[in-house]
Amino acid sequence: MREPTVAVVGAGAAGIIAAWRAASLGAKVVLLEKTPRIGTKIMISGGGKCNLTHDGSLEDILRAFRKNEAQFLRPSFYRFPPASFLKIVFSRGLEVYTRPDGRIFPVHQTAKDVVRILTDVIEEAGVEVRLDCRVMGLLIEAGRVIGVETEFGPLKADKVIVAAGGSSYPNSGTTGDAWAWLRTLGHKVTPLRAALAPIYLHDKAYSGLALRDVFLRGRSAGKEIARWRGDLLFTHQGISGPCALGVSREVAEAMEKGPVAFVVDGWPDETFESLREELIAEAKSSPHRLVRTHLEAKAPERYAERILDQAEIGTGTKLGTLGKKQRNQVVEFMKGLPLGEARAVPLEKGEVVAGGVELSEVDPKTMESRVVSSLFLCGEVLDIAGPVGGYNLQAAWSTGFVAGDTAATKSVK
Ligand SMILES: Cc1cc2nc3c(=O)[nH]c(=O)nc-3n(C[C@H](O)[C@H](O)[C@H](O)COP(=O)(O)OP(=O)(O)OC[C@H]3O[C@@H](n4cnc5c(N)ncnc54)[C@H](O)[C@@H]3O)c2cc1C
């Protein structure tokens, strides 16, 4: 039996690992990338520091994903867990450190080291890399894929692995090309929405403000649809930072049905009662102290101002003159300051895209399409979107490994 020829579309995290694995098993592999370099998104990951993967038990890591995604990812995560990926980079001298929250980064905090290692790894495995080579579609014969159509002409292959990514950060090369081809072949692509994205608000009053460790809550049709605790940054368009990214997927989904409004709890560890008691005690000990001064000692000035504004309390009001109703109002807005409604969650600005090839149409043990034979799908092209924390790269490494492994070992008809 001859070794199979494998064409891999897209030299991102999933495609690189798929190509490396298939070539290591003896397949003749061509890795096709439309941009002039490999690993562009790895380079910009984690703000250029590259949060490679996540520490902890595999089941804990899987729990970070939605239930159906975790179920799909389980076989590939067990086949190629974080430790297996780390073994590759460790063997090439990369040192990593684990943050208290489990996120794993290179010690020297540069994604360049990771891409350099992956470049060496695929070269040594004998992968042929063709850069600046855009794939335009798949070649199909009798229900199976027989190669790809590139901008320079057809390229025959026994197996094709599509690892063309999502459609956020289009400047990095990911413009959702593969979904169009896959749809024509009968694959279902679930609705595409932003995830891990900033959220644009109608109200831009807070621009420039940064809040540490707050609770952001999104509400729609009278129900809480998302919540996240962490830092919150206000940009000229709306909100960003961990809280905004953390709720963005749910917000984008809910906005299709109706408006989503936000409130921020600036004191998540305090209760309404504890904050009220504190105000009462403070009013007793320092009746001439301004309410504003009291708040500014606990929060940024503009945030404190906004709380007073919402509670309709003048900036010259003293603690001692604060009535019961006014006091309750101050506390109410400390625990839930309205930020107004979301205007948009821009898909192109998300770190990942939620939505993609329907998971039930891909075998999670092999990554082979259940619609077209000899076609393998891996990485963000699939309907998978994990939270911030190295989860998305791990999903790409693991699904890429399994796709490359099966493409190289499944017999050629
Ligand atoms: C700003 C940012 C920061 C992030 N930080 C992290 C992080 O720290 N940790 C983490 O786990 N995840 C992070 N992510 C998410 C993570 O980078 C992606 O989920 C992951 O890279 C997806 O890998 P992939 O191989 O599926 O797709 P990609 O890495 O996007 O690779 C797809 C490749 O296919 C190529 N391609 C597309 N169409 C064609 C075509 N027609 N022909 C040829 N080539 C084509 C593209 O040019 C691209 O190189 C971040 C994402 C962004 C945008």
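Values reported hereafter were calculated over all heavy atoms of this structure, with side chains retained and with hydrogens, waters and symmetry mates removed. Note that the structure is a prediction, hence the values are computed from the model and not measured. Start at 1 and go down the list; that is how both ligands and their atoms are numbered.
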Below 3.5 Å, N or O to N or O, backbone or side chain included: is there any such pair between [X] and ligand 1?
{"X": "Arg134", "result": "no"}
{"X": "Ala13", "result": "yes"}
{"X": "Glu380", "result": "yes"}
{"X": "Lys34", "result": "yes"}
{"X": "Val381", "result": "no"}
{"X": "Val135", "result": "yes"}
{"X": "Gly46", "result": "yes"}

Which of the numbered atoms in ligand 1 are below 4.0 angstrom from a heavy atom of [X]?
{"X": "Gly379", "answer": "26 (O)"}
{"X": "Thr35", "answer": "47 (O)"}
{"X": "Trp181", "answer": "41 (N)"}
{"X": "Lys41", "answer": "21 (O), 29 (O), 30 (O), 53 (C)"}
{"X": "Asp177", "answer": "38 (N), 39 (C), 40 (C), 41 (N)"}
{"X": "Thr174", "answer": "30 (O), 32 (C)"}
{"X": "Ser45", "answer": "3 (C), 4 (C), 5 (N), 6 (C), 7 (C), 8 (O)"}
{"X": "Tyr391", "answer": "11 (O)"}

* To do: Verify the distance criterion only: is there a donor paired with an acceptor across the side chains of Tyr97 and Gln109 at less than 3.5 Å?
  =>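 Yes, Gln109 and Tyr97 have a side-chain donor paired with an acceptor closer than 3.5 Å.
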* Asked: Taking all atoms of both residues into account, what is the closest heavy-atom pair of Ile199 and Ala342, and its distance?
  ->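 Result for this residue pair: CG2-CB, 3.9 Å.
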* Asked: What are the two closest non-hydrogen atoms of Ile117 and Val89, and how far apart are they?
  ->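 Minimum heavy-atom separation between Ile117 and Val89: CD1-O, 3.9 Å.
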Ligand 1 contact on [X] by region, counting heavy-atom pairs under 4.0 Å:
{"X": "Ala396", "value": "side chain"}
{"X": "Ala163", "value": "backbone"}
{"X": "Ser172", "value": "backbone"}
{"X": "Leu32", "value": "backbone"}
{"X": "Cys133", "value": "backbone"}
{"X": "Val352", "value": "side chain"}
{"X": "Asn51", "value": "both"}

Given side chains that start at C-beta, do those of [X] and [Y] come closer than 4.5 Å, heavy atoms only?
{"X": "Arg370", "Y": "Val362", "value": "no"}
{"X": "Leu275", "Y": "Lys335", "value": "yes"}
{"X": "Val214", "Y": "Asp265", "value": "no"}
{"X": "Ser220", "Y": "Val260", "value": "yes"}

* Asked: Between Phe77 and Phe65, how do the two ring planes meet: parallel, tilted or perpendicular, split at 30° and 60°?
  ->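 It falls in the perpendicular class, over 60°.
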* Asked: When the ring planes of Phe80 and Phe85 are compared, do they come out parallel, tilted or perpendicular, using 30° and 60° as the limits?
  ->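 Judged by the thresholds at 30° and 60°, the geometry between Phe80 and Phe85 is perpendicular.
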Output yes when [X] and [Y] qualify as a salt bridge under the 4.0 Å nitrogen-oxygen rule, no when they do not.
{"X": "Glu250", "Y": "Arg66", "result": "yes"}
{"X": "Lys34", "Y": "Asp177", "result": "yes"}
{"X": "Arg227", "Y": "Glu224", "result": "yes"}

Tell me, which protein residue and heavy-atom name are nearest [atom], and how many Å apart are they?
{"atom": "atom 48 (C) of ligand 1", "value": "Glu33 OE1, 3.5 Å"}
{"atom": "atom 53 (C) of ligand 1", "value": "Tyr169 CD1, 3.3 Å"}
{"atom": "atom 31 (O) of ligand 1", "value": "Gly12 CA, 3.2 Å"}
{"atom": "atom 25 (O) of ligand 1", "value": "Ala14 N, 2.9 Å"}
{"atom": "atom 34 (O) of ligand 1", "value": "Gly10 CA, 3.1 Å"}
{"atom": "atom 14 (N) of ligand 1", "value": "Glu351 O, 4.1 Å"}

* Selection from Thr150, Leu393, Ile17 by shortest heavy-atom distance to atom 11 (O) of ligand 1 ->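 That would be Leu393.
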* Apply salt bridge (Lys or Arg N to Asp or Glu O under 4.0 Å) to the pair Arg276 and Glu278, showing each step before the final yes or no. => CA-CA 5 Å; Arg276 191 183 54 189; Glu278 193 189 28; over 6 Å; no
* Would Thr98 and Asp55 satisfy side-chain hydrogen bond (donor to acceptor under 3.5 Å, both in side chains), going step by step from the backbone distance to the final call? -> CA-CA 7 Å; Thr98 306; Asp55 191 28; 4.6 Å; no
* **Test item, Gly390 contacting ligand 1 (heavy atom, 4.0 angstrom)** =>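 True for this residue.
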* **contact_flag Gly176 ligand 1 heavy-atom lt 4.0 Å** =>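 Gly176 does not count as a contact of ligand 1 under the 4.0 Å cut-off.
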* **Arg92 charged N/C atom sitting above Phe90 aromatic ring, 6.0 Å / 45°** =>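 Relative to the ring axis of Phe90, which defines the angle, Arg92 lies outside at least one limit.
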* To do: Using the six-membered ring of Tyr206, assess whether NZ or CZ of Arg302 lies under 6.0 Å from its centre and within 45 degrees of the ring axis.
  =>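 Pair Arg302/Tyr206 does not count as cation-pi.
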* To do: Run the numbers on Met334 and Tyr303 for side-chain contact (heavy atoms from CB on, under 4.5 Å), then give the verdict.
  => CA-CA 9 Å; Met334 288 172 83; Tyr303 186 51; over 6 Å; no
* Asked: Would Glu361 and His187 count as a side-chain hydrogen bond (donor to acceptor under 3.5 Å, both in side chains) if you check the C-alpha gap in whole Å, the side-chain angles of each, and the deciding distance to 0.1 Å?
  -> CA-CA 7 Å; Glu361 294 178 349; His187 264 293; 2.7 Å; yes
